[in-house]
There are 2 protein chains.
Amino acid sequence: MTVPTAGRRERKKAATRQNIADTALRLFLERGYDEVGIRDVAAEADVAVTTVFSHFTSKEALVFSQDENFEHGLARAVTARPPNEPLIPALRREIHAMVRHCTAESAAPLWRMIDSSPALRQYEESMHLRHAEALAAAIAADLALPAPTTACRTLARFTVDAYALAREADDPAAAVDEIFHMIEAAWTTTAAARP
Amino acid sequence: MTVPTAGRRERKKAATRQNIADTALRLFLERGYDEVGIRDVAAEADVAVTTVFSHFTSKEALVFSQDENFEHGLARAVTARPPNEPLIPALRREIHAMVRHCTAESAAPLWRMIDSSPALRQYEESMHLRHAEALAAAIAADLALPAPTTACRTLARFTVDAYALAREADDPAAAVDEIFHMIEAAWTTTAAARP
DNA sequence: ACCGTAACACTAACGGTTAGCTTAAAAAAT
DNA sequence: ATTTTTTAAGCTAACCGTTAGTGTTACGGT
């Protein structure tokens, strides 16, 4: 076993959380996000309303429960990349993977739901900004800077922009390449790009 | 008179709206955004709660009622710029003006309030995205394109990023210049930049 | 075996938001 | 000038996401 007996309590907690998330996502996809209330989710998952909010900070968070795993994926793409690989290509690879992942056939209904709900779109945007801040910190660390500079923060935001823009483009993969071509040009003109 | 007698009804409506916005902003700054409810605002402005929501789509919109004027300021910076002036410098000028405007001494308490409220920050972000979409359309029109391309949308987003990033920087004006140096490099590498 | 604590339940409420209906004043039509 | 139509604004009552307060149960370390 790779997992060192995570304790029954933690396993039960994880199971409850998973049950809630699965139930919520199923109901949302069946009836539509706005047509399903938190009380419906709680009843169907056979838990109390307060239990839902002890596992998820908001209704929208129920939809993005899986993507929280990728929360630090971008930062890890910087810190854990092959040695000697330049920064920008590493970021481009990661964005490519993320775009491919969320434009997959199986995820289509989910993203259609997200795109049609202003509340969910807004939640996703603010997630992206959090990711950008984490990424800026990782980039600064990679350059051995004491704190993120304006250039680091800018690169981070441009990178998450690439994800958001490519997702909406007709040809997502081509869009990633096109936008990263622009990012590369922007980055190479900064002093931070040269050691 | 330059105003062609806007009709008593419309004048009263505008007055009511202004009254609500002024009262709300005053209460928010006096007691704090979270400590003031919509019912408080309505009572103090001497209107019904439903009247507040017939003028403003949400509580957060009460805070940004003035900035709605600048909603299309960015797009106008493109469409109404001096002839023969290149695109990027025109955008940089506008962002400079916007940053100067919202980092002014008189606006400090307002922005402190906004920065300390997650709800208001999120609302501002989604405003920015709306602005970016409008700007992308204006850029495409300026280039005589039938529809916004990926490059247009990218430039638009980078531009609103410049605003957001510069606002938080130690030296906002310098940050605008630094980021626009990067944007210029990104834009000149795209095919769209050359006629 | 014991106790501390973490997970969950229940009730009730708070605050933003909306629906449905009524009133009254302004604008348009007669 | 009177009638008719429009529309801003009001009131009530609720919906829905979210939180506070308070128990209760069952796991985990000692």
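The figures here come from the full heavy-atom set of this structure, side chains too, leaving out hydrogens, waters and symmetry mates. Letters go in sequence order (proteins before strands), and every chain restarts at 1.
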Query - Distance in angstrom units between Lys13(B) NZ and dA25(C) P, rounded - result: 18 Å
**Report entry** Residue closer to the 5' end of DNA chain C, Glu10(B) versus Gly37(B) (nearest nucleotide)
**Finding:** Gly37(B)
Query raised in the report: How do Arg9(B) and Thr51(B) order along DNA chain D: which one's closest nucleotide is nearer the 5' end?
Result: Arg9(B)
Report task. Rounded to the nearest angstrom, tell me the gap between atom CD in Glu60(A) and atom P in dC16(D). Result -> 15 Å
Report task. Would you kindly give the CZ-to-C1' distance between Phe53(B) and dA19(C), to the nearest whole Å? Result -> 14 Å
**Report entry** Among dC11(D), dA7(C), dA9(D), the one nearest Ala48(B) by side-chain distance
**Finding:** dC11(D)
Report task. Assess Lys59(A) against Tyr123(A): is NZ or CZ under 6.0 Å from the centre of the six-membered ring, and within 45 degrees of the ring's axis? Result -> no
Query - Asn19(B) and its side-chain hydrogen bond (donor to acceptor under 3.5 Å, both in side chains) partner, picked from Thr16(B), Asp22(B), Thr23(B) - result: Thr23(B)
Query raised in the report: Just how far, in rounded Å, is C1' of dA13(C) from CD1 of Ile38(A)?
Result: 17 Å
Query raised in the report: Rounding to a whole Å, what distance do you find between Tyr123(B):OH and dG16(C):P?
Result: 15 Å
Requested in this report: Give Val36(B) one of three labels, base, sugar-phosphate or nothing, depending on what nucleic acid heavy atoms sit under 4.0 Å from its own.
Outcome: sugar-phosphate
Query raised in the report: What is the nucleic acid contact for Asp34(B), judged by heavy atoms within less than 4.0 Å: base, sugar-phosphate only, or nothing?
Result: nothing
Query raised in the report: Is any side-chain N or O of Thr50(B) under 3.5 Å from a base N or O of dC11(D), one able to act as donor and the other as acceptor?
Result: yes
Query raised in the report: His55(B) has a side chain; which of dG16(C), dG17(D), dA9(D) sits nearest to it?
Result: dA9(D)
**Report entry** Reference residue His96(B); test side chain to side chain contact (heavy atoms under 4.5 Å, CB included); the match among Arg93(B), Met98(B), Glu94(B), Arg100(B)
**Finding:** Arg100(B)
**Report entry** Arg39(B) (side chain) and dG16(C) (base): donor-acceptor pair under 3.5 Å
**Finding:** yes
Query - Distance in angstrom units between Leu62(B) CG and dG16(C) P, rounded - result: 10 Å
Query raised in the report: If you check every side-chain atom of Lys59(A), which of dC11(D), dA9(D), dG17(D) has the closest atom?
Result: dG17(D)
Query raised in the report: Are any of Lys12(A)'s side-chain N or O atoms less than 4.0 Å away from OP1 or OP2 of dC27(D)?
Result: yes
**Report entry** Nucleotide of dA26(C), dG16(C), dA7(C) approaching Arg8(B) most closely (side-chain heavy atoms)
**Finding:** dA26(C)
Requested in this report: Report which part of the nucleic acid Val49(A) touches: base, sugar-phosphate, or nothing (heavy-atom distance under 4.0 Å, all strands).
Outcome: base
Query raised in the report: Asp40(B) CG to dG15(C) C1': how many Å, rounded?
Result: 10 Å
Report task. Answer with base, sugar-phosphate or nothing: what part of the nucleic acid does Ser54(B) contact at a heavy-atom distance below 4.0 Å? Result -> nothing
Query raised in the report: Nearest-Å distance, CZ (Phe56(A)) to P (dG17(D))?
Result: 15 Å
Report task. Determine yes or no for a side-chain-to-main-chain donor-acceptor pair under 3.5 angstrom, with Asp142(B) supplying the side chain and Ile139(B) the backbone. Result -> no
Report task. Check for a donor-acceptor pair, side chain of Ser117(B) on one end and backbone N or O of Ile114(B) on the other, with a separation under 3.5 Å. Result -> no
Query raised in the report: Between the side chain of Arg31(B) and the main-chain N/O of Val36(B), is any donor-acceptor distance below 3.5 Å?
Result: no
